[in-house]
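Quick one: structure below, then a few questions.
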Protein chains: 2
Amino acid sequence: MQGMTGKNIASGGLRERKKRATRAALAEAAVRLAAEQGADNVTVEAISAAAGVSVRTFFNYFDSRDDAFVVIDADVGIRVRQALLDAPAALSPLEALREALAVELSEAERQHELWSLHAEVLRTSPHLLVRSLGAHMADEAGLAEVIARRLAGGATDDDAVVPPDDGSGREQRPALDLYPRLLAALAGTAVRVSAQHWCDRQDELAFADVFREVFALLAAGLPAPAR
Amino acid sequence: MQGMTGKNIASGGLRERKKRATRAALAEAAVRLAAEQGADNVTVEAISAAAGVSVRTFFNYFDSRDDAFVVIDADVGIRVRQALLDAPAALSPLEALREALAVELSEAERQHELWSLHAEVLRTSPHLLVRSLGAHMADEAGLAEVIARRLAGGATDDDAVVPPDDGSGREQRPALDLYPRLLAALAGTAVRVSAQHWCDRQDELAFADVFREVFALLAAGLPAPAR
DNA sequence: TGAAAAAATGCATGCTCTGCAAAATCGTGC
DNA sequence: GCACGATTTTGCAGAGCATGCATTTTTTCA
(Lines give C-alpha, C1' and ligand atoms only; values in the text may rest on other atoms or scores of the structure.)
Protein backbone atom coordinates (compact mmCIF):
# COMPACT_ATOMS: atom_id res chain seq x y z
CA MET A 1 0.00 0.00 0.00
CA GLN A 2 2.59 2.49 -1.08
CA GLY A 3 1.71 4.07 -4.40
CA MET A 4 -1.03 6.13 -2.86
CA THR A 5 0.65 9.32 -3.92
CA GLY A 6 -2.53 11.18 -4.83
CA LYS A 7 -5.51 9.47 -3.32
CA ASN A 8 -7.31 11.93 -1.15
CA ILE A 9 -10.53 11.09 -2.92
CA ALA A 10 -13.97 11.61 -1.50
CA SER A 11 -13.27 9.86 1.76
CA GLY A 12 -9.71 11.07 2.34
CA GLY A 13 -6.85 8.79 3.35
CA LEU A 14 -7.21 5.17 4.31
CA ARG A 15 -6.70 5.99 7.93
CA GLU A 16 -9.69 8.27 8.05
CA ARG A 17 -11.83 5.72 6.30
CA LYS A 18 -10.95 3.17 8.93
CA LYS A 19 -11.87 5.56 11.67
CA ARG A 20 -15.22 6.22 10.10
CA ALA A 21 -15.77 2.51 9.73
CA THR A 22 -14.93 1.84 13.35
CA ARG A 23 -17.18 4.60 14.53
CA ALA A 24 -20.03 3.41 12.38
CA ALA A 25 -19.50 -0.16 13.52
CA LEU A 26 -19.65 0.90 17.15
CA ALA A 27 -22.77 2.99 16.64
CA GLU A 28 -24.52 0.24 14.73
CA ALA A 29 -23.56 -2.42 17.22
CA ALA A 30 -24.84 -0.24 20.02
CA VAL A 31 -28.20 0.35 18.36
CA ARG A 32 -28.72 -3.28 17.41
CA LEU A 33 -27.85 -4.56 20.85
CA ALA A 34 -30.05 -1.94 22.47
CA ALA A 35 -32.98 -2.86 20.25
CA GLU A 36 -32.55 -6.50 21.23
CA GLN A 37 -32.05 -6.38 24.95
CA GLY A 38 -32.88 -2.84 26.00
CA ALA A 39 -30.38 -0.04 26.20
CA ASP A 40 -29.89 -0.37 29.93
CA ASN A 41 -28.74 -3.95 29.61
CA VAL A 42 -26.07 -3.19 27.05
CA THR A 43 -22.61 -2.65 28.47
CA VAL A 44 -19.78 -0.86 26.78
CA GLU A 45 -17.93 -4.14 26.85
CA ALA A 46 -20.64 -5.80 24.76
CA ILE A 47 -20.70 -2.98 22.23
CA SER A 48 -16.95 -2.98 21.89
CA ALA A 49 -16.84 -6.74 21.48
CA ALA A 50 -19.51 -6.64 18.79
CA ALA A 51 -17.53 -4.01 16.91
CA GLY A 52 -14.27 -5.87 17.38
CA VAL A 53 -12.38 -3.27 19.36
CA SER A 54 -11.31 -2.85 22.94
CA VAL A 55 -13.34 -1.09 25.57
CA ARG A 56 -10.78 1.63 25.80
CA THR A 57 -11.10 2.29 22.10
CA PHE A 58 -14.82 2.76 22.46
CA PHE A 59 -14.13 5.74 24.65
CA ASN A 60 -11.80 7.12 22.04
CA TYR A 61 -14.82 7.49 19.80
CA PHE A 62 -17.62 8.34 22.20
CA ASP A 63 -17.62 10.51 25.27
CA SER A 64 -20.10 8.30 27.01
CA ARG A 65 -21.92 5.04 26.54
CA ASP A 66 -25.18 6.79 25.75
CA ASP A 67 -23.57 8.75 22.96
CA ALA A 68 -23.24 5.54 21.01
CA PHE A 69 -27.00 5.12 21.09
CA VAL A 70 -27.73 8.71 20.26
CA VAL A 71 -25.19 9.86 17.70
CA ILE A 72 -25.76 7.50 14.81
CA ASP A 73 -24.23 9.78 12.24
CA ALA A 74 -21.61 12.01 13.72
CA ASP A 75 -21.21 14.57 10.99
CA VAL A 76 -24.70 15.13 9.72
CA GLY A 77 -24.40 18.59 11.25
CA ILE A 78 -21.32 19.39 9.23
CA ARG A 79 -22.94 18.21 6.02
CA VAL A 80 -26.01 20.35 6.55
CA ARG A 81 -23.93 23.43 7.24
CA GLN A 82 -21.84 22.77 4.17
CA ALA A 83 -24.97 22.29 2.08
CA LEU A 84 -26.23 25.63 3.31
CA LEU A 85 -23.04 27.33 2.27
CA ASP A 86 -23.10 25.64 -1.11
CA ALA A 87 -26.73 26.44 -1.81
CA PRO A 88 -27.36 28.82 -4.71
CA ALA A 89 -27.57 32.41 -3.58
CA ALA A 90 -30.94 32.75 -5.29
CA LEU A 91 -32.62 30.67 -2.62
CA SER A 92 -34.00 32.42 0.42
CA PRO A 93 -32.52 31.27 3.70
CA LEU A 94 -35.68 29.35 4.45
CA GLU A 95 -35.65 27.57 1.12
CA ALA A 96 -31.99 26.72 1.39
CA LEU A 97 -32.58 25.37 4.86
CA ARG A 98 -35.54 23.30 3.78
CA GLU A 99 -33.68 21.76 0.85
CA ALA A 100 -30.54 20.99 2.81
CA LEU A 101 -32.49 19.22 5.50
CA ALA A 102 -34.79 17.40 3.10
CA VAL A 103 -31.79 15.98 1.29
CA GLU A 104 -30.26 14.86 4.54
CA LEU A 105 -33.45 13.22 5.73
CA SER A 106 -33.86 11.39 2.45
CA GLU A 107 -30.35 10.07 2.85
CA ALA A 108 -31.19 8.88 6.32
CA GLU A 109 -34.21 7.06 5.02
CA ARG A 110 -31.94 4.95 2.83
CA GLN A 111 -30.76 3.13 5.92
CA HIS A 112 -34.33 2.67 6.92
CA GLU A 113 -33.84 -0.40 9.04
CA LEU A 114 -31.12 1.09 11.18
CA TRP A 115 -33.10 4.25 11.77
CA SER A 116 -36.14 2.24 12.63
CA LEU A 117 -34.19 0.39 15.28
CA HIS A 118 -32.86 3.67 16.49
CA ALA A 119 -36.34 5.07 16.81
CA GLU A 120 -37.43 2.01 18.71
CA VAL A 121 -34.54 2.33 21.13
CA LEU A 122 -35.38 5.97 21.77
CA ARG A 123 -39.02 5.09 22.23
CA THR A 124 -38.34 2.43 24.80
CA SER A 125 -35.87 4.41 26.86
CA PRO A 126 -36.93 8.02 27.33
CA HIS A 127 -33.65 8.76 28.96
CA LEU A 128 -31.96 8.43 25.59
CA LEU A 129 -34.71 10.32 23.84
CA VAL A 130 -33.92 13.30 25.99
CA ARG A 131 -30.28 13.05 25.07
CA SER A 132 -31.10 12.74 21.43
CA LEU A 133 -33.33 15.77 21.46
CA GLY A 134 -30.65 17.75 23.20
CA ALA A 135 -28.04 16.68 20.71
CA HIS A 136 -30.23 17.81 17.84
CA MET A 137 -30.67 21.18 19.37
CA ALA A 138 -27.03 21.62 20.02
CA ASP A 139 -26.72 21.61 16.26
CA GLU A 140 -29.06 24.56 16.05
CA ALA A 141 -26.36 26.84 17.37
CA GLY A 142 -23.99 25.93 14.57
CA LEU A 143 -26.82 26.25 12.10
CA ALA A 144 -27.66 29.72 13.31
CA GLU A 145 -24.09 30.75 12.77
CA VAL A 146 -24.03 29.61 9.16
CA ILE A 147 -27.38 31.24 8.50
CA ALA A 148 -26.10 34.46 9.95
CA ARG A 149 -23.11 34.27 7.65
CA ARG A 150 -25.36 33.71 4.68
CA LEU A 151 -27.60 36.59 5.64
CA ALA A 152 -24.62 38.84 6.19
CA GLY A 153 -23.98 38.66 2.47
CA GLY A 154 -22.70 35.35 1.22
CA ALA A 155 -19.20 35.84 2.58
CA THR A 156 -17.88 33.47 -0.04
CA ASP A 157 -14.35 34.19 1.06
CA ASP A 158 -13.47 30.58 1.62
CA ASP A 159 -16.61 28.55 1.94
CA ALA A 160 -14.69 26.34 4.30
CA VAL A 161 -17.15 24.43 6.37
CA VAL A 162 -17.73 25.81 9.80
CA PRO A 163 -16.34 23.33 12.29
CA PRO A 164 -18.72 22.18 14.97
CA ASP A 165 -18.51 24.12 18.17
CA ASP A 166 -15.60 22.68 20.08
CA GLY A 167 -17.64 23.13 23.20
CA SER A 168 -14.91 24.85 25.13
CA GLY A 169 -17.12 27.89 25.56
CA ARG A 170 -14.06 30.03 26.00
CA GLU A 171 -14.43 32.23 23.02
CA GLN A 172 -17.06 34.86 23.71
CA ARG A 173 -18.93 35.08 20.45
CA PRO A 174 -20.41 38.42 19.31
CA ALA A 175 -23.97 37.72 20.41
CA LEU A 176 -25.69 36.23 17.42
CA ASP A 177 -28.55 38.13 15.99
CA LEU A 178 -32.05 37.03 16.74
CA TYR A 179 -33.28 36.26 13.25
CA PRO A 180 -30.75 33.57 12.34
CA ARG A 181 -31.53 31.89 15.60
CA LEU A 182 -35.21 31.90 14.87
CA LEU A 183 -34.58 30.33 11.51
CA ALA A 184 -32.35 27.66 12.98
CA ALA A 185 -34.84 26.98 15.74
CA LEU A 186 -37.63 26.72 13.24
CA ALA A 187 -35.66 24.23 11.18
CA GLY A 188 -34.84 22.16 14.22
CA THR A 189 -38.44 22.25 15.32
CA ALA A 190 -39.58 21.10 11.92
CA VAL A 191 -37.19 18.17 11.99
CA ARG A 192 -38.25 17.19 15.46
CA VAL A 193 -41.98 17.49 14.99
CA SER A 194 -41.94 15.68 11.70
CA ALA A 195 -39.78 12.96 13.21
CA GLN A 196 -42.31 12.45 15.97
CA HIS A 197 -45.18 12.45 13.57
CA TRP A 198 -43.42 10.10 11.22
CA CYS A 199 -42.58 7.71 14.02
CA ASP A 200 -46.26 7.39 14.85
CA ARG A 201 -47.42 6.67 11.31
CA GLN A 202 -44.37 4.72 10.35
CA ASP A 203 -44.13 3.56 6.74
CA GLU A 204 -47.23 5.43 5.73
CA LEU A 205 -45.38 8.45 4.48
CA ALA A 206 -41.94 9.43 3.32
CA PHE A 207 -40.03 11.19 6.02
CA ALA A 208 -38.90 13.96 3.74
CA ASP A 209 -42.48 14.67 2.67
CA VAL A 210 -43.73 14.96 6.23
CA PHE A 211 -40.86 17.26 6.88
CA ARG A 212 -41.68 19.55 3.97
CA GLU A 213 -45.25 19.83 5.13
CA VAL A 214 -44.36 20.64 8.70
CA PHE A 215 -41.71 23.05 7.58
CA ALA A 216 -44.19 24.88 5.42
CA LEU A 217 -46.66 25.14 8.25
CA LEU A 218 -44.09 26.60 10.58
CA ALA A 219 -42.51 28.87 8.04
CA ALA A 220 -45.74 30.35 6.79
CA GLY A 221 -45.66 33.07 9.37
CA LEU A 222 -42.05 34.02 9.78
CA PRO A 223 -41.49 37.57 8.59
CA ALA A 224 -39.02 37.95 5.78
CA PRO A 225 -35.53 39.11 6.68
CA ALA A 226 -35.12 42.83 6.83
CA ARG A 227 -32.82 43.06 3.84
CA MET B 1 -54.63 7.74 54.63
CA GLN B 2 -58.22 8.62 55.52
CA GLY B 3 -58.04 10.95 58.52
CA MET B 4 -55.97 13.71 56.96
CA THR B 5 -57.41 16.31 59.34
CA GLY B 6 -57.80 19.01 56.72
CA LYS B 7 -54.16 19.83 56.20
CA ASN B 8 -53.60 19.39 52.52
CA ILE B 9 -53.14 23.10 52.05
CA ALA B 10 -51.12 24.73 49.31
CA SER B 11 -47.93 22.87 50.10
CA GLY B 12 -49.53 19.65 51.28
CA GLY B 13 -48.30 17.86 54.40
CA LEU B 14 -45.14 18.62 56.25
CA ARG B 15 -43.48 15.60 54.79
CA GLU B 16 -43.86 16.82 51.27
CA ARG B 17 -42.57 20.24 52.19
CA LYS B 18 -39.42 18.67 53.58
CA LYS B 19 -38.89 16.68 50.44
CA ARG B 20 -39.21 19.77 48.32
CA ALA B 21 -36.76 21.55 50.55
CA THR B 22 -34.22 18.77 50.32
CA ARG B 23 -34.54 18.60 46.59
CA ALA B 24 -34.17 22.34 46.25
CA ALA B 25 -31.18 22.32 48.58
CA LEU B 26 -29.47 19.67 46.52
CA ALA B 27 -30.16 21.45 43.26
CA GLU B 28 -28.96 24.77 44.59
CA ALA B 29 -25.84 23.27 46.12
CA ALA B 30 -25.07 21.56 42.85
CA VAL B 31 -25.42 24.75 40.83
CA ARG B 32 -23.40 26.87 43.23
CA LEU B 33 -20.58 24.37 43.44
CA ALA B 34 -20.56 23.94 39.69
CA ALA B 35 -20.40 27.69 39.15
CA GLU B 36 -17.44 27.88 41.51
CA GLN B 37 -15.26 25.01 40.44
CA GLY B 38 -16.71 23.77 37.19
CA ALA B 39 -19.31 21.07 36.92
CA ASP B 40 -16.79 18.35 36.16
CA ASN B 41 -14.97 18.90 39.41
CA VAL B 42 -18.06 18.61 41.56
CA THR B 43 -18.65 15.16 42.99
CA VAL B 44 -21.93 13.82 44.23
CA GLU B 45 -20.31 13.55 47.60
CA ALA B 46 -19.63 17.29 47.65
CA ILE B 47 -23.17 18.16 46.62
CA SER B 48 -24.66 15.87 49.21
CA ALA B 49 -22.42 17.23 51.92
CA ALA B 50 -23.33 20.81 51.02
CA ALA B 51 -27.00 19.93 51.26
CA GLY B 52 -26.53 18.01 54.48
CA VAL B 53 -27.65 14.60 53.31
CA SER B 54 -25.96 11.34 52.50
CA VAL B 55 -24.77 10.37 49.07
CA ARG B 56 -27.34 7.63 48.90
CA THR B 57 -30.08 10.14 49.52
CA PHE B 58 -28.89 12.23 46.63
CA PHE B 59 -29.73 9.38 44.34
CA ASN B 60 -33.17 9.15 45.86
CA TYR B 61 -33.86 12.58 44.40
CA PHE B 62 -31.92 12.58 41.16
CA ASP B 63 -31.39 9.82 38.64
CA SER B 64 -27.92 11.02 37.88
CA ARG B 65 -25.41 13.57 39.00
CA ASP B 66 -26.00 15.74 35.96
CA ASP B 67 -29.69 15.93 36.69
CA ALA B 68 -28.89 18.02 39.73
CA PHE B 69 -27.27 20.63 37.51
CA VAL B 70 -30.03 20.59 34.94
CA VAL B 71 -33.32 20.24 36.76
CA ILE B 72 -33.42 23.30 38.96
CA ASP B 73 -37.16 23.29 39.36
CA ALA B 74 -38.60 19.84 39.08
CA ASP B 75 -42.25 20.65 38.63
CA VAL B 76 -42.30 23.69 36.42
CA GLY B 77 -43.76 21.43 33.77
CA ILE B 78 -46.65 20.45 35.99
CA ARG B 79 -47.39 24.06 36.86
CA VAL B 80 -47.47 25.13 33.23
CA ARG B 81 -49.80 22.32 32.30
CA GLN B 82 -52.07 23.17 35.19
CA ALA B 83 -52.04 26.83 34.21
CA LEU B 84 -53.09 25.84 30.72
CA LEU B 85 -56.00 23.86 32.04
CA ASP B 86 -57.03 26.68 34.34
CA ALA B 87 -56.78 29.37 31.68
CA PRO B 88 -60.09 31.01 30.71
CA ALA B 89 -61.71 29.30 27.76
CA ALA B 90 -61.91 32.62 25.96
CA LEU B 91 -58.19 32.60 25.28
CA SER B 92 -56.93 30.96 22.13
CA PRO B 93 -54.52 28.10 22.71
CA LEU B 94 -51.65 30.30 21.66
CA GLU B 95 -52.62 33.07 24.04
CA ALA B 96 -53.11 30.67 26.91
CA LEU B 97 -49.75 29.15 26.20
CA ARG B 98 -48.05 32.50 26.03
CA GLU B 99 -49.53 33.69 29.30
CA ALA B 100 -48.80 30.50 31.18
CA LEU B 101 -45.17 30.54 30.12
CA ALA B 102 -44.72 34.25 30.68
CA VAL B 103 -45.94 33.88 34.23
CA GLU B 104 -43.58 31.01 34.84
CA LEU B 105 -40.62 32.85 33.40
CA SER B 106 -41.36 35.89 35.51
CA GLU B 107 -41.39 33.65 38.56
CA ALA B 108 -38.03 32.26 37.57
CA GLU B 109 -36.62 35.73 37.26
CA ARG B 110 -37.36 36.29 40.92
CA GLN B 111 -34.49 33.99 41.77
CA HIS B 112 -32.36 35.88 39.35
CA GLU B 113 -29.04 35.05 40.93
CA LEU B 114 -29.59 31.32 40.95
CA TRP B 115 -30.70 31.27 37.35
CA SER B 116 -27.73 33.36 36.39
CA LEU B 117 -25.43 30.83 37.94
CA HIS B 118 -27.32 28.11 36.23
CA ALA B 119 -26.91 29.81 32.87
CA GLU B 120 -23.20 30.19 33.51
CA VAL B 121 -22.83 26.51 34.34
CA LEU B 122 -24.60 25.53 31.15
CA ARG B 123 -22.49 27.95 29.19
CA THR B 124 -19.23 26.56 30.49
CA SER B 125 -20.09 22.91 30.04
CA PRO B 126 -21.91 22.18 26.80
CA HIS B 127 -22.45 18.65 27.91
CA LEU B 128 -24.96 19.91 30.41
CA LEU B 129 -26.49 22.33 27.96
CA VAL B 130 -27.41 19.41 25.77
CA ARG B 131 -29.05 17.69 28.69
CA SER B 132 -30.91 20.82 29.61
CA LEU B 133 -32.20 21.32 26.12
CA GLY B 134 -33.35 17.74 26.02
CA ALA B 135 -35.13 18.07 29.31
CA HIS B 136 -36.99 21.12 28.06
CA MET B 137 -38.16 19.27 25.04
CA ALA B 138 -39.29 16.29 27.00
CA ASP B 139 -41.76 18.71 28.50
CA GLU B 140 -43.09 19.54 25.08
CA ALA B 141 -44.68 16.13 24.82
CA GLY B 142 -46.69 16.66 27.98
CA LEU B 143 -47.56 20.14 26.80
CA ALA B 144 -48.83 18.83 23.49
CA GLU B 145 -51.10 16.46 25.33
CA VAL B 146 -52.70 19.17 27.41
CA ILE B 147 -53.10 21.40 24.38
CA ALA B 148 -54.78 18.57 22.55
CA ARG B 149 -57.16 18.16 25.44
CA ARG B 150 -57.96 21.84 25.41
CA LEU B 151 -58.53 21.83 21.67
CA ALA B 152 -60.70 18.76 21.93
CA GLY B 153 -63.22 20.84 23.79
CA GLY B 154 -62.19 21.87 27.24
CA ALA B 155 -62.88 18.46 28.74
CA THR B 156 -63.34 20.06 32.11
CA ASP B 157 -64.32 16.72 33.57
CA ASP B 158 -61.88 16.88 36.37
CA ASP B 159 -59.21 19.43 35.55
CA ALA B 160 -56.82 17.19 37.41
CA VAL B 161 -53.33 18.03 36.37
CA VAL B 162 -51.83 15.67 33.88
CA PRO B 163 -49.01 13.83 35.61
CA PRO B 164 -45.64 14.02 33.92
CA ASP B 165 -44.91 11.17 31.58
CA ASP B 166 -43.63 8.35 33.73
CA GLY B 167 -41.23 7.53 30.97
CA SER B 168 -42.02 3.86 30.97
CA GLY B 169 -43.03 4.11 27.37
CA ARG B 170 -45.23 1.06 27.78
CA GLU B 171 -48.54 2.66 27.07
CA GLN B 172 -48.98 3.14 23.36
CA ARG B 173 -50.68 6.49 23.11
CA PRO B 174 -53.17 7.17 20.28
CA ALA B 175 -50.85 9.13 18.04
CA LEU B 176 -51.23 12.75 18.99
CA ASP B 177 -52.47 15.06 16.35
CA LEU B 178 -50.07 17.29 14.54
CA TYR B 179 -51.41 20.68 15.48
CA PRO B 180 -51.04 20.40 19.25
CA ARG B 181 -47.52 19.25 18.70
CA LEU B 182 -46.76 22.22 16.54
CA LEU B 183 -48.10 24.54 19.20
CA ALA B 184 -46.09 22.86 21.91
CA ALA B 185 -42.99 22.89 19.76
CA LEU B 186 -43.50 26.55 19.02
CA ALA B 187 -43.80 27.34 22.69
CA GLY B 188 -40.70 25.39 23.54
CA THR B 189 -38.83 27.04 20.73
CA ALA B 190 -39.87 30.46 21.96
CA VAL B 191 -38.63 29.68 25.45
CA ARG B 192 -35.35 28.38 24.19
CA VAL B 193 -34.59 31.11 21.71
CA SER B 194 -35.53 33.84 24.12
CA ALA B 195 -33.41 32.21 26.81
CA GLN B 196 -30.41 32.21 24.51
CA HIS B 197 -31.00 35.76 23.48
CA TRP B 198 -31.53 36.85 27.03
CA CYS B 199 -28.36 35.15 28.17
CA ASP B 200 -26.33 37.18 25.70
CA ARG B 201 -27.76 40.55 26.65
CA GLN B 202 -28.07 39.71 30.29
CA ASP B 203 -29.69 42.31 32.52
CA GLU B 204 -30.58 44.52 29.62
CA LEU B 205 -34.07 43.18 29.25
CA ALA B 206 -36.68 41.37 31.25
CA PHE B 207 -36.77 37.73 30.36
CA ALA B 208 -40.53 37.67 30.07
CA ASP B 209 -40.49 40.58 27.63
CA VAL B 210 -37.97 38.94 25.37
CA PHE B 211 -40.08 35.87 25.48
CA ARG B 212 -43.24 37.67 24.45
CA GLU B 213 -41.48 39.22 21.52
CA VAL B 214 -40.00 35.97 20.29
CA PHE B 215 -43.28 34.19 20.81
CA ALA B 216 -45.09 36.77 18.75
CA LEU B 217 -42.59 36.46 15.95
CA LEU B 218 -42.93 32.71 15.82
CA ALA B 219 -46.66 32.65 16.22
CA ALA B 220 -47.35 35.24 13.57
CA GLY B 221 -47.53 32.59 10.90
CA LEU B 222 -49.16 29.62 12.47
CA PRO B 223 -52.48 28.97 10.77
CA ALA B 224 -55.50 28.93 13.01
CA PRO B 225 -56.81 25.55 14.04
CA ALA B 226 -59.17 24.04 11.53
CA ARG B 227 -62.21 24.11 13.76
C1' DT C 1 -47.90 6.79 73.07
C1' DG C 2 -47.60 3.08 69.74
C1' DA C 3 -47.76 1.06 65.26
C1' DA C 4 -47.56 1.64 60.25
C1' DA C 5 -45.69 4.24 56.35
C1' DA C 6 -42.11 6.86 54.28
C1' DA C 7 -37.52 8.47 54.00
C1' DA C 8 -32.55 8.40 55.03
C1' DT C 9 -28.59 5.82 55.47
C1' DG C 10 -24.65 2.39 55.09
C1' DC C 11 -22.70 -1.16 52.59
C1' DA C 12 -21.55 -4.05 48.74
C1' DT C 13 -21.21 -4.37 43.99
C1' DG C 14 -20.82 -3.53 39.04
C1' DC C 15 -20.23 -0.24 35.44
C1' DT C 16 -18.58 4.13 33.50
C1' DC C 17 -14.94 7.00 32.28
C1' DT C 18 -10.07 9.06 32.44
C1' DG C 19 -4.95 9.31 32.45
C1' DC C 20 -0.87 7.09 31.34
C1' DA C 21 2.46 4.29 29.00
C1' DA C 22 3.42 0.44 25.97
C1' DA C 23 2.41 -1.92 21.65
C1' DA C 24 0.50 -2.10 17.03
C1' DT C 25 -0.59 0.27 12.78
C1' DC C 26 -0.39 3.73 9.21
C1' DG C 27 1.74 7.36 6.11
C1' DT C 28 5.77 8.78 3.86
C1' DG C 29 10.35 9.55 2.19
C1' DC C 30 14.13 7.01 0.67
C1' DG D 1 11.28 -3.01 0.40
C1' DC D 2 12.56 -0.42 4.71
C1' DA D 3 12.87 2.64 8.27
C1' DC D 4 11.12 6.57 10.78
C1' DG D 5 7.57 9.66 12.64
C1' DA D 6 2.78 10.12 13.56
C1' DT D 7 -1.45 8.20 14.82
C1' DT D 8 -4.27 4.72 16.85
C1' DT D 9 -5.18 0.87 19.75
C1' DT D 10 -4.84 -1.34 23.89
C1' DG D 11 -4.21 -2.74 28.84
C1' DC D 12 -4.13 -1.29 33.41
C1' DA D 13 -5.07 1.25 37.45
C1' DG D 14 -7.94 4.26 39.85
C1' DA D 15 -11.71 7.55 40.82
C1' DG D 16 -16.40 8.30 40.55
C1' DC D 17 -21.24 7.06 39.34
C1' DA D 18 -25.35 4.36 40.20
C1' DT D 19 -28.31 0.57 42.14
C1' DG D 20 -30.17 -3.07 45.25
C1' DC D 21 -30.87 -4.47 49.79
C1' DA D 22 -31.23 -4.39 54.70
C1' DT D 23 -31.30 -1.31 58.63
C1' DT D 24 -32.19 2.81 61.16
C1' DT D 25 -34.49 7.14 61.68
C1' DT D 26 -38.34 10.18 61.01
C1' DT D 27 -43.16 11.29 60.08
C1' DT D 28 -47.99 10.36 60.31
C1' DC D 29 -52.09 9.23 62.45
C1' DA D 30 -55.10 6.75 65.59
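Chain identifiers are assigned alphabetically (A, B, ...) following the order of the sequence lines, protein sequences preceding nucleic acid strands; residue numbering begins at 1 within each chain. Model, not experiment: these values are computed from the prediction.
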*Ion pair present between B/Glu107 and B/Arg110, side-chain N to carboxylate O less than 4.0 angstrom?*
yes
*asked:* Rounded to whole Å, how long is the line connecting atom CZ of B/Phe58 with atom C1' of C/dG10?
replied: 18 Å
*Would you say the side chain of B/Leu178 lies within less than 4.5 Å of the side chain of B/Leu182, judging by non-hydrogen atoms?*
yes
*Is any side-chain N or O of B/Lys19 closer than 4.0 Å to OP1 or OP2 of C/dA7?*
yes
*With sequence neighbours excluded, give me every ring-ring contact (aromatic ring centres under 6.0 Å, His included) pair touching residues 116-148 of chain B.*
B/Trp115-B/His118
*Verdict with reasoning, A/Val103 to A/Val80, per side-chain contact (heavy atoms from CB on, under 4.5 Å)*: CA-CA 9 Å; A/Val103 167; A/Val80 171; over 6 Å; no
_C/dC26 phosphate, OP1 or OP2, under 4.0 Å from A/Lys18 side-chain N/O_ = yes
*Can you check the A/Glu45 CD to D/dC12 P distance for me, whole Å?*
13 Å
_Atom-to-atom span, NE2 of B/His127 to P of D/dC17 - whole angstrom_ = 12 Å
_Residue among B/Arg23, B/Arg79, B/Arg20 satisfying salt bridge (charged side-chain N to carboxylate O under 4.0 Å, His left out) with B/Asp73_ = B/Arg79
_Going by salt bridge (Lys or Arg N to Asp or Glu O under 4.0 Å), name the pairs with one or both residues in residues 50-71 of chain B, residues two or more places apart or in two chains._
B/Asp67-B/Arg131
I'd like a table of atom pairs between the protein and nucleotides 21-25 of chain D - only N or O on both sides, under 3.5 Å - with the distance next to each one.
none

_Those residues that, when tested against B/Leu133, pass side chain to side chain contact (heavy atoms under 4.5 Å, CB included) (two or more places apart)_ = A/Met137, B/Leu129, B/Arg192
*Looking at every strand, decide which applies to A/Val55 at a 4.0 Å heavy-atom threshold: base, sugar-phosphate, or nothing.*
nothing
*asked:* Is the phosphate of D/dT10 approached by A/Ser54 (side-chain N or O, under 4.0 Å from OP1 or OP2)?
replied: yes
*Could you check if a side-chain atom of A/Phe215 sits within less than 4.5 angstrom of a side-chain atom of A/Val191, using non-hydrogen atoms only?*
no
*Within the pair B/Thr43 and D/dG16, is there a side-chain N or O less than 4.0 Å away from OP1 or OP2?*
no
_Overall bend - the helix from C/dT1-D/dA30 to C/dC30-D/dG1, comparing terminal axes fitted on five pairs, nearest 10 degrees_ = 30°
*Any donor-acceptor pair under 3.5 Å linking the side chain of A/Glu109 with the backbone of A/Phe207?*
yes
*How long is the line joining CZ of B/Phe59 and P of C/dT13, in whole Å?*
18 Å
*Among all residues two or more places apart in sequence or in another chain, which pass the salt bridge (Lys or Arg N to Asp or Glu O under 4.0 Å) test with A/Glu120?*
none
*Identify the two heavy atoms, one from A/Ala184 and one from A/Leu143, that lie closest to each other, and give their separation to 0.1 Å.*
CB-CB, 4.0 Å
Identify each atom pair where a protein N or O and an N or O of nucleotides 3-5 of chain C are less than 3.5 Å apart, giving names and distance.
unit_1	atom_1	unit_2	atom_2	d
C/dA5	N3	B/Arg15	NH2	3.4

*Starting at atom CG of B/Asn41, determine the distance to atom C1' of D/dG16, rounded to an integer number of angstrom.*
13 Å
_Can you give me the closest heavy-atom contact between A/Ala50 and A/Leu33, atom names plus distance?_
CB-CD1, 4.2 Å
*Pairs meeting criterion ring-ring contact (aromatic ring centres under 6.0 Å, His included) with involvement of residues 36-76 of chain B, two or more places apart*: B/Phe58-B/Phe62
*For DNA chain D, what residues of residues 28-40 of chain B have any heavy atom nearer than 4.0 Å?*
none
Residues 41-48 of chain B side chain polar contacts: donor-acceptor under 3.5 Å, at least two apart:
unit_1	atom_1	unit_2	atom_2	d
B/Asn41	ND2	B/Gln37	O	2.8
B/Thr43	OG1	B/Glu45	N	3.4
B/Thr43	OG1	B/Ala46	N	3.1
B/Ser48	OG	B/Val44	O	2.8

*List in numerical order all residues of residues 60-71 of chain B for which some heavy atom is under 4.0 Å away from an atom belonging to DNA chain C.*
B/Asn60, B/Tyr61
*salt bridge (Lys or Arg N to Asp or Glu O under 4.0 Å) pairs, two or more places apart, involving residues 28-38 of chain B*: B/Glu28-B/Arg32, B/Arg32-B/Glu113
*asked:* Looking at A/Leu122, is its backbone amide N or carbonyl O close enough to the side chain of A/Ser125 to form a donor-acceptor pair, meaning the two atoms are under 3.5 Å apart?
replied: no
